Amino acid sequence: MYRRPLLCVLLTLLPLFAQASGFTRLAELADKGFLLGAEARLLDSGETLGAIEPERQLSPASVSKVYLAAAALERWGPQHRFTTRLVSLAEPDGEGVLHGDLVLDGGGDPLLTSEDLWRLTQRLHQAGVRRVEGRLVVSQWRYGPVECITTDRCQAHSRVANAYSALLSSAGVNHGSWCVSVAPAAVPGEPARITSCDSQAPIVGIDNRVETQPDDSGTRLNAERVLRDSGDVMVVSGQISTNARPRAVYRASSDPARQTAATLLAMLEQAGIGVRDGAGVASTEPPAESRSLAEVESEPLQELLLRTLNHSNNFMADQLALNLVESPRAGLVQAGGALEAFVAGLPDHGPVTLRSGSGLTPENRTSAAGITTLLESMYRRPALFPSFVAALQSPANGVMRFLRRGSATFQEHVMLKTGTLNQPVAVRAVGGYFRTRSGQWGVFAALVNGTSNTPWLNWQQVLEPLAADLEEMIDAH
């Protein structure tokens, strides 16, 4: 029987050893039972600097947002804006009375804020409206309420202790979260003063359990938004010092469209515009013959993406993904399908499963090689690349403090997006660009997934070896 010489076998394996050697430190996580996929390569020469099972399908968590950013830029371009309008079948008469419903046509702006609603209110006043003889109707006909498909969001309908699990609507405001301001009373022992951040009039229920303590006693607050028969209630407990500054507390609302309706109604009343029949929510499109009475535009898409990726904002990411769906009444599955259709147009990407643009869905799957393929495709789009790369973080200057580790080489030569999940298994994922000492551009991705048998995984365990591996690649080229 013919046997290949040992030297030939070793020569055949040398390229594999050379690739794996690029991630020698990161590879040690595999010895602890974690599933790894990684790749780093130079863009102009195509040289692979390191690889660990780059085709392996793993969860990317919030690195999914780079797919969302690329698809959005491809569809709309960096300067696209979303429009929110106040419309009506009626028009104000000579006395400023609108004889009919006033409808907010939710345009899917993922960054619609209270400030935008106030501008709408002022422009409505400028248009001559002083009283509405009908209802204020918030229309979320494009999408909403969107069916929840993750545990966090499903639980958030009844109660929630965070803002990142916000539910979705094309008419959502303030990232789908309530905000209350907690300020100390004048003297210790008294309940703190808690008001809405957006209105002098109460627009969300408040259950105040915060006690004012003497100067320099420290401030410790706990907050949960619960849905009661009366509607959403912010339950806030703890203590605040008499010399403390007011603290803003954010928690996801149970219904973002109704949140918008309550917020806008309060602003209309503050502006002296009465609404006879209160506020409600609809899922039907305003009639085509409706007149536009006031409108506001969003920030340009490139600004929306910077905020979406820099802060890893799940609400904004999934709103943008839902906007990619052409037909109304879309859900996250359809939004994921729109992203997968975009990826299908990328040569050599390979398989991908995207159930959301945010990455909150643990079913999302891609590979390190797929991520670097996407990153390379954007690098080769001169009209889109500046807006795309600007949405990534530099560890030295990013808003996420946990990134500020490793040497100056890693902190100043790398732009990246991270992804984190803790359930049902731990996920720590990273993807982005680097510049070598000689100025060459490179792309990299590293996906680390736990199993039911692996120990707890934190960012230090992933970033420190990854930073050291990338530093060697950067310095060597």
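Remember, it's a predicted structure, so these values are computed and weren't measured experimentally.
Contact between Leu322 and Ala330 at its shortest, heavy atoms only, is CD2-O, 3.8 Å. Nearest approach of Val187 to Thr242, heavy atoms of both residues: C-CG2, 4.1 Å. Across Ser358 and Ser64, no two heavy atoms sit closer than the pair C-CB, 4.4 Å. The nearest pair of heavy atoms linking Glu376 to Arg41 is OE1-NH1, 2.7 Å. Here the shortest heavy-atom pairing between Ile240 and Thr219 reads CG1-OG1, 3.5 Å. In plain terms, the two heavy atoms of Pro395 and Leu416 that are nearest each other are CG-CD2, 4.0 Å.
Gln440 and Ser438 form a side-chain donor-acceptor contact under 3.5 Å, judged by distance and modelled atom types alone. Checking Ser59 against Asn449 by side-chain atom types alone, no donor-acceptor pair falls below 3.5 Å. Side-chain contact, Lys65 with Thr308: no donor N or O sits under 3.5 Å from an acceptor N or O. Using modelled atom types, one finds no donor on one side chain facing an acceptor on the other under 3.5 Å when comparing Asp109 with Thr84. Counting only N and O atoms by type, the side chains of Asp116 and Thr113 include a donor and acceptor under 3.5 Å apart.
Not a single donor-acceptor pair under 3.5 Å links the side chain of Gln213 to the backbone N or O of Gly218. Within the 3.5 Å criterion, the main-chain N or O of Ser165 finds no donor-acceptor partner in the side chain of Asn314. When atom types are taken as modelled, the side chain of Asn174 and the backbone of Ser177 share no donor-acceptor pair closer than 3.5 angstrom. In terms of modelled atom types and a separation under 3.5 Å, the side chain of Glu55 and the main chain of Gly350 share no donor-acceptor contact. Listed for the Thr212 side chain is no donor-acceptor partner under 3.5 Å among the backbone atoms of Pro184. Checked by atom type and distance alone, the side chain of Asn222 never pairs as donor or acceptor with a backbone atom of Gly238 at under 3.5 Å. In terms of modelled atom types and a separation under 3.5 Å, the side chain of Glu472 and the main chain of Asp469 share no donor-acceptor contact. Within the 3.5 Å criterion, the main-chain N or O of Ser312 finds no donor-acceptor partner in the side chain of Ser62. In this structure, the side chain of Asn323 engages the main chain of Gly108 through a donor-acceptor pair within 3.5 Å. Panel note: side chain Thr361, backbone Asn364; no donor-acceptor pair is recorded below 3.5 Å.
Looking only at side-chain heavy atoms (C-beta outward), Asn313 and Gln319 stay at 4.5 Å or farther from each other. Two residues are said to be in side-chain contact when any heavy atoms from C-beta on lie closer than 4.5 Å; Leu374 and Phe342 meet this criterion. Counting heavy atoms from C-beta outward, Ile149 and Glu363 have side chains that stay 4.5 Å or more apart. Counting heavy atoms from C-beta outward, Thr121 and Gln270 have side chains that stay 4.5 Å or more apart. Between Arg251 and Glu224, every side-chain heavy-atom pair lies at or beyond the 4.5 Å cut-off. Residues Thr420 and Trp459 have side chains in contact (heavy-atom distance under 4.5 Å, counting atoms from C-beta outward). In this structure, Phe402 and Leu463 have side chains that are in contact, with non-hydrogen atoms separated by less than 4.5 Å. Arg437 is listed as a side-chain neighbour of His413, based on a closest heavy-atom distance under 4.5 Å.
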Next item on the list: Might you work through the side chain to side chain contact (heavy atoms under 4.5 Å, CB included) test for Thr454 and Lys32, ending with a clear yes or no?
Entry: CA-CA 7 Å; Thr454 48; Lys32 300 179 181 180; over 6 Å; no
Item checked: Steps toward side chain to side chain contact (heavy atoms under 4.5 Å, CB included) verdict (Phe444, Leu466) -> CA-CA 10 Å; Phe444 75 96; Leu466 176 62; 4.2 Å; yes
Notebook entry, point to check: Which is it for Val66 and Phe388 under the side chain to side chain contact (heavy atoms under 4.5 Å, CB included) test, yes or no, and what are the steps along the way?
Noted result: CA-CA 8 Å; Val66 299; Phe388 181 78; 4.2 Å; yes
Next item on the list: Dump the intermediate steps for side chain to side chain contact (heavy atoms under 4.5 Å, CB included) on His349 and Ser377, then the final yes or no.
Entry: CA-CA 10 Å; His349 181 282; Ser377 73; over 6 Å; no
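A cation-pi contact, defined as under 6.0 Å to the ring centre and within 45° of the axis, links Arg428 to Trp456.
Contacts of Pro424 classified as side chain to side chain contact (heavy atoms under 4.5 Å, CB included), with partners at least two apart in sequence or in another chain: Pro362. For Ser387, the side-chain hydrogen bond (donor to acceptor under 3.5 Å, both in side chains) test picks out Gln302, with sequence neighbours left out. Under the side chain to side chain contact (heavy atoms under 4.5 Å, CB included) criterion, Leu227 pairs with His157, Arg225, Asp232, Ser254, sequence neighbours left out. Evaluation of the side chain to side chain contact (heavy atoms under 4.5 Å, CB included) rule for Glu340 yields Val352, Thr353, Leu354, Arg355 as partners, not counting sequence neighbours. Residues passing the side chain to side chain contact (heavy atoms under 4.5 Å, CB included) test with Val389 are Phe385, Leu392, Met415, Tyr433, sequence neighbours excluded.
Of the residues listed (Val430, Asn397, Thr418, Val414), the one engaging Leu403 in a side chain to side chain contact (heavy atoms under 4.5 Å, CB included) is Thr418, and it is the only one.
The 12-atom threshold is exceeded at CG of Asp215, counting heavy atoms of other residues, nucleotides or ligands nearer than 6.0 Å. Glu297 CD: more than 12 foreign heavy atoms inside a 6.0 Å radius. Heavy-atom neighbours of Arg380 CZ from other residues, nucleotides or ligands within 6.0 Å: above the threshold of 12.
Distance CH2/Trp441 to CG/Leu42: 12.5 Å, rounded to 0.5 Å. To the nearest 0.5 angstrom, Tyr164 atom OH is 11.0 Å from Arg153 atom CZ. The structure places CG of Leu29 at 6.5 Å from CG of Leu457, a figure rounded to the nearest 0.5 Å. We find the CD1-CD distance between Ile203 and Gln259 to be 7.5 Å, quoted to the nearest 0.5 Å. Expressed to the nearest 0.5 Å, how far CD of Gln140 lies from CG of Leu168 amounts to 10.5 Å. Atom CZ in Arg365 sits 11.5 Å away from atom CZ in Arg56 (nearest 0.5 Å).
Contact check on Arg25 versus Glu471 returns no salt bridge, with no Lys/Arg side-chain nitrogen under 4.0 Å from an Asp/Glu carboxylate oxygen.
Between Trp76 and His80, the ring-plane angle classifies as parallel under the 30° and 60° cut-offs.
Identified under the salt bridge (Lys or Arg N to Asp or Glu O under 4.0 Å) test for residues 73-82, with sequence neighbours left out: Glu74-Arg381, Arg75-Glu326.
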